[in-house]
Structure formats: structure tokens, C-alpha cells
Amino acid sequence: MNEQQQTLWQFIQQQSGKLQEQTLQHIGLTFISLCIAVLVGLPLGILIVRRKRLAGLVLGIAGVLQTIPSIALLGFMIPLLGIGPKPAIVALLLYALLPIIRNTYTGILGVDPAVKEAALAMGMSKWQILFKVELPLAMPVIFAGIRTATVINVGVATLASLIAAGGLGEFIFGGISLNNTNMILAGAIPSALLAVIFDLLLSMVQKISFKKLKRVIYVFPILLIVLCLFYIVPAKSEGKLVAGFTPEFMGRQDGDLGLRSKYGLKIHTIVISDAVMYKAAFEKHLDVISGYSTDGRLKAYDLVVLDDDKHIFPPYYAAPIVRDDVLKKFPDLEPTLNLLADKINDSVMTVLNYRTDYLHQSPERVAKDFLVANKLWRPEKGGSDGIVRIGSKIFGEQYILANMYSMLIKGYTDHEVSTKTGLGGTKICFDALTNNQIDFYPEYTGTGLLAILQASPKTVNEVTVNRDSTYNYVQRQFESKYQIKWLKPIGFNNAYALMMRQQQARQLRIKTISNLKQFLDRK
Amino acid sequence: MIKVDNVSKHFGGVKAVDGVSFEVESQENLILLGTSGCGKTTTLKMINRLIEPASGSIYIDDKNIMDQKPEILRRGIGYVLQNNGLFPHYTVAQNIAVVPNLLKWDKQKTEKRTAELMEKLHLDASYLSVYPNELSGGQQQRIGLARALVSDPPVLLMDEPFGALDNVTRSKIHAEFKALDELKRKTIIMVTHDVQEAFELGDRICLMDKGKIIQSGTPAQLLFDPVNDFVKDFLKEQRLLLEFKTITVRSLWHLLPSDEEIKEVGSGILVNNKDNLWAVLERATFLKPKRLNMVDLENKEAKTVSFESLMAAFYQYKNHQAHE
Ligand SMILES: Nc1ncnc2c1ncn2[C@@H]1O[C@H](COP(=O)(O)OP(=O)(O)OP(=O)(O)O)[C@@H](O)[C@H]1O
Ligand SMILES: [Mg+2]
């Protein structure tokens, strides 16, 4: 624990520049959107007090906006506004709208009718009543709305990093992907602190009596504008290519760090979520992205993988891993599973993924079609000689593989099959295997090396020079450490890769990462 | 002068006000009296156009109120609400200054006028910087009155101005109200459901029921010449009290003996002929006098009578009224 705290402190010190920048971006994002939300929401709230028939409609729309999951809302923004601060601000603004409109509305309606009537009877005009009576008296309620909106915005602004708008989310999501607790905390603690501090400050404003309210009314907008200025909208460098990397990729040696050190690649980079990255590349908001080489979106969005000619991305060849005792118990299992060996290359796997992820065909159907086409499919024998338990991680490719193995075992052996698909990430799957809850699952050599064996950087450097050396190393280590056997690789390599739009890559004659570097240096 | 001519107002199917007509002479104090929901407030609010009548017309000083901009019209009419309607976010001084500010008075004029009113309404100047919620109900009501009076409008509309006060405070404010010179110059329409208050403060009373005026007239006319049983029943409970309050010594003067011999020895009290019987009785129960020394200051006459003769005159007067 002590050590953890120390390293968190060290991390923060080390990254203080970045942390400060992200915090200011975060505050800026929150308050620019809040400012606009107040400018839009307040008049709207006033309007629906005057035109009650619109109230249901306006509150309804604002309510629906609020229920859209934030990441989805950010996704909707991309085709309209691209990536970066603009869509993030608009999304935040939409979230902040409901509490502000609603509280303005209820605040004004809640003003004592006797007071309003007195104002009217004394000869005040509609506008005089609004500004001298209704708004001042509704102010505490309106402030409560602004307060809610602020806290929501501080939270949602962490997601802005997913569409390249910066903020503390860069640390949080980077940390989650890299399983780096210090990094997560370095983002999460400041953003939680921001929420608490702003909430506290606004609650103090809210409780201020009418006497002091006047002064605050003038100070508040000024403060708001100053806070907005924290966000220096990142300028997009013109002409050059723009890269979008996931937070995880940014922090990895076999990612952005390697690109810089081994290739000397200097490219204007923004941090973005995996969920929207491919689409952003397709829509030309990004030119180079980091992705997985067998992702179905590669095909969906017509992207090409750049050749990693200096081998910074370790190989991630997939192969079934099986406990030794299972192989002993079911001697016919190994040859059956090896039927798939070297049958699926990168482009085939990409197409299979494309069919499940984008054409929404069931993994079962995709698996069967593949087996039939490759003359591997056989009808079920319906045997009952023991049950083989198959596991899989929680994404499409693994579902397809699990289905293929299930069909092969049922067709070629007399065993029954039970599948436990969707076992979350690597750790869950591997633990299930070692704890005898499943018998085998498809794993990737790179994952075995880095996530399970947690090899030292030196070893990693040594063994990742090519496909076979990695495979041999993990095979040896797993055997001796866990009594688990790596069967023959299936053929494809689901590794990190840099990718570009096919058309642009062809036009610029970029085929390898070195080509890309040369192109960038030339300009 | 205010003239309300055949005015009606419906809310959906409810006839809140149904063909109401009355006139208020300038500097007169007219009371709209009636049970809850009979349309008093609605009638009152139509006069400053807080509610627009469905039919009929209203004139103030022979000008149709519909021909004026509502804001301008309202700035010339003082309005006092039942639960005062003070602005909670304004100090007392700011509350009183609302209409002067709308009329663009300069600051000094407003301050001078405010100070004057505060004194007349027996409010300490230190209250000026205080917020309404720091004042008692009675004080708030006085501020509400000050706010309505500040620009010295010729017309004053009051909707149950003393409704929220306890009896003791209310009778104290009634007394002040009657003594306030500001109010003597004004044409006042006051709404109340309190019969005593109506009789105490009103020059004339309009008794309303179900949106219609049943009878309008002086307190004595309502008391001794009711048009129907509704009016009679309405006043029944407090009849004796009202009679004592309505009848003055002056109206009994001709029925009092001028040469009564009082054998009992004891003190007497001096009675002004403007006093009503209730005032005489109140003092009598306290001082237990043996003789009442009545004086008529205008005609420079005096009569000394016993308590019994005064009561005899009272019953004689009532009988006479009833048979007229
Ligand atoms: N804004 C309105 N909408 C619908 N009905 C109304 C409205 N204002 C008054 N009414 C109805 O009109 C009738 C007269 O109401 P009004 O307020 O004039 O009564 P009131 O004599 O002042 O009663 P109270 O002594 O209780 O104040 C009532 O039946 C009331 O329900
Ligand atoms: Mg009323």
C-alpha cells in the first residue's frame, strides 16, 4: 500500500505537466459547455414558462437527450462535427441542458403567485416582472440546476478524451487499458476532486442570502468565462497527417513509445477511443490509427494495415491452449483442435469478424460456413464419452473460434461439448483454465508473453523478433510453469497495427511504417 | 369616482361574477362583503385589470379602464393583497420604492415620502433595511399598505387586508386605519368576509352572494332595512353588536328625556353624541357610572340621563326603524 502511494506520487510528479494540461482542459471543457448550456437553457426555460404548451415537448426532448448513453452521444456527434473539442462540447452541452431548463422552469413556476400578482398590480411590465421578481426569486433553484449540470459535466467530460478532446479521461482510460492503477488514479482523483470542489462552491453560492446575491450575480458570469478560457482549443496542424491512437496504445512500449523510439515517427497525435477511431478514420477526421490487424472494421471501412518493418509490435498469433491433464484424458482432442492449424490467415479472420460484427451474422453460422467451405465440417456424432469444456474471451473473434472447435469436437470425436463463452478478459479466462473450470481456450502469443508471463523488457526484445521465437518461448514457459500446452497456431496474427485508408495509402505510396515516417519527414 | 356597470366574469362553467353594478363616490369607503367564493376578489381584480371582464364596463373618473394601458392604469391604483405579496428579496425600503421607481421618481423624493409613511404607520425607521420575513404579520401588512400608498394614488383596492391578523392586532389596525389622514382622501374598495370589519370601516357595503350583489347601502340600511332573508340571516349572529355599533347617541338624541331626575348618588361619565352605543357600553361596563352626561357639541346642548333611559331610547328607535 505504502509503495503504491509512493509510486502514485511519483507518477504524478513525473507526469505533472500532462496532468496540469489535462486538468485545465477538463475544467475548460466543463465550463465552456456549461456556459453555452446556461445561455441556451435559461431562455428556453423562460420560454416554456410563457408557452406552457411547449413545456412538455422541450422537457421531453431534453430528457431523452439525457438518457442517451454518453459514449453513444459522442458517437452520434462524429459524423456531424468530426472529432475533437467541438463534438465533445456539444455533447456535454446537451447533457447539461435538462437540469438547467427544468430548474429554470420549476423555479419560476414556484415563485409565490401572490408576489407575482403584487408585481403585476403595481404596474410592472412582463419583462420587469421577469428580471426583478421571477428570476431573482427562482435563482436558488436555477443555481441548483447549474450545480447538477456542472457535476454531470465534470463526469461526462472524462469521456471527451475518447473523441480526442483531451481532459482527465486520457489518464483514466489509458490507465484502464494498460492496467496501470497509478495512471487511473492520476486521472480519477483530480476529476473527482473537481466535481466535489465545484459542487461545494456552487452550493455555497446557492445558499447566499438575497443581500449578497446581487454581488454574486455579477461575479458568477465573469468567473464562468475565466474558467472557460482554460480550454485552449488544440489547434489542428494543417496539411500534415493526423494520427488517432487509443489511450492504451499511447502508453505502451509496443505502441506509441516504440513508434517514437524505434521508427522516430513524429506525427500529430490525438487520443481517441477504440469505439469511434475506425469510423473517424473512414470519415477522414484521422489519417493514421492504431488498431488490431484482424478487426472486422478494417474491411468495413476500407483500411489497410501498414507493414511493421522494424517489428515493434510483438506477434499475437492465436492458438488453443490446453491443460496437459485434459490432453491425457482425451487423447483425440489434440489432433482434432489442430485441424484448424494454419487454416485462417489475417485477411480471412478479418472477413469472418466483419461478418459477425458488421453483418450481424451469428458466430455459429460464420463458423459453420467456414468449416464447410474448407471441407472440415462433419455432422455431429452424438457421442457421450465425457464433456470437453471450451472457454472464450468476450469478443467476436473468440466466439467464432469457440464455435468452430465445438463443431469439430462433436464431428470428429465422441465427446460432448460445453462452452463458457464471454469470460471477460485474459485474466478471467486464464484463471478459469488453471482452476479446472474450462479445458481450453484460444489465446494469443503476445498476450501470453506480456500479460500472463509478464516477461521482462529484455526478454520481450529478444523473443519478439519473429513469430516462431515468441511461440516457442511461451510454449516452453507455459509447459514448465502451468503444465499447459500451446497447440499449433491457427495462422492469423491479431497484433497491434497502424492502419490508413486504402485510397490515401495508395495515393501517398505508403506501405510500411518506415514509408510513413519518410513521408512525414519529407513534408 | 368609480362606476362598475353590469360586469360579469366566468371561469369555465363557474359564474364568478354575474352582472354586478355599483358606484363608489370619491373619498368613499365601499366594502364588498360576502361568503367565501362569492366573487369579491374577482370583482376587485377587474377594476385594475388583473382579470379582464367578460362583459360590462368599468369607469374610473368617467374614463373606461379598457382605454388605458394596463401598466399605466395600475400605477395609479393602490392594491393591497390578502397575504401582503411583499417581495421577499427586497428590503422594506426597496419594497416601498417599487412604484416610485416605476414612476421614475428621484431618490430623495422617494426617501422623503417613505420616511413620512413609516412615521404615519407607526413603523420604526430601522425596519427600512430589514427583509419582510424578519417582520411580524401586522408589520408586514402595514408595509403592504405603505407600498400601496406611497405614490398617493386616488384609488385604493384592498383584498382582505387584515384577514391574516389576530383579533387584537386587527382591532388595533382598524383604529389606526380610521385615524389615518392619508386614507380619508381616497376612494377605497375593500373586500372582506368579516361582518364586523365591514360595519366598522365601511361608508357603504355591497353584500354579495353567488356572484351577484344582494343589497348595497349604508350599514344602517342593511341592518334595519334588509331586502330579503339572506341579508337578515347574514347579519343575524352579530345583530345586537352591529346595532350597538351602528347607532350613535346623536340618532337617539330626540328620544332621550331632557329632564330626568336621577336619585342615586354616584359618579357620571361624559358622552359625546358622535359616539356609538357600543363605545358608551364599553366605557360603562368599566366605570359603572350612575349618570351619563350627554353633550351635543354642534348644537351646544346637554342632557343627563340614566342608563335605563338610554336603553329605552334604543329599543324605541329599533321599533321605529322596523315599522318604517
Ligand atoms: N382563476 C380562476 N379559475 C377558475 N375559477 C376561478 C378562478 N378565480 C376564481 N374562480 C372561481 O370563481 C369564484 C369566485 O372566486 P373569488 O376568488 O372571486 O371568490 P372570493 O369571494 O374572493 O372568495 P374568498 O373569500 O374565498 O377569497 C369561485 O367559485 C372560484 O372558485
Ligand atoms: Mg378572495
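Convention: sequence-line order gives letters A, B, ...; per-chain numbering from 1.
By the 4.5 Å heavy-atom criterion applied to side chains, B/Val98 and A/Lys132 are not counted as neighbours. Side-chain atoms of B/Arg147 and A/Met122, non-hydrogen and from C-beta on, do get closer than 4.5 Å to each other. Proximity of A/Glu117 to B/Lys45: side-chain heavy atoms (C-beta onward) are separated by under 4.5 Å at one or more points.
Around CG of B/Asp62, the count of heavy atoms belonging to other residues, nucleotides or ligands within 6.0 Å does not exceed 12. Atom NZ of B/Lys172 is surrounded by 12 or fewer heavy atoms from other residues, nucleotides or ligands within 6.0 Å. The local environment of CZ in A/Arg53 is sparse, with at most 12 non-hydrogen atoms from other residues, nucleotides or ligands closer than 6.0 Å. Counting heavy-atom neighbours within 6.0 Å of B/Tyr127 OH, excluding the residue itself, gives a total of 12 or less. Heavy atoms from other residues, nucleotides or ligands lying under 6.0 Å from NZ of B/Lys15 number 12 at most. Atom CD of B/Glu119 is surrounded by 12 or fewer heavy atoms from other residues, nucleotides or ligands within 6.0 Å.
The most heavy-atom pairs under 4.5 Å with chain A, out of B/Leu81, B/Val99, B/Asn48, come from B/Leu81. Ranked by heavy-atom pairs under 4.5 Å with chain A, the list B/Lys69, B/Gln82, B/Arg49, B/Arg75 is led by B/Arg75. Ranking A/Ala121, A/Ala118, A/Ala119, A/Ala114 against chain B, the residue ahead of the rest is A/Ala121, based on heavy-atom pairs under 4.5 Å.
Across every non-hydrogen atom of B/Leu86 and A/Val115, the tightest pair is O-CG2, 3.5 Å.
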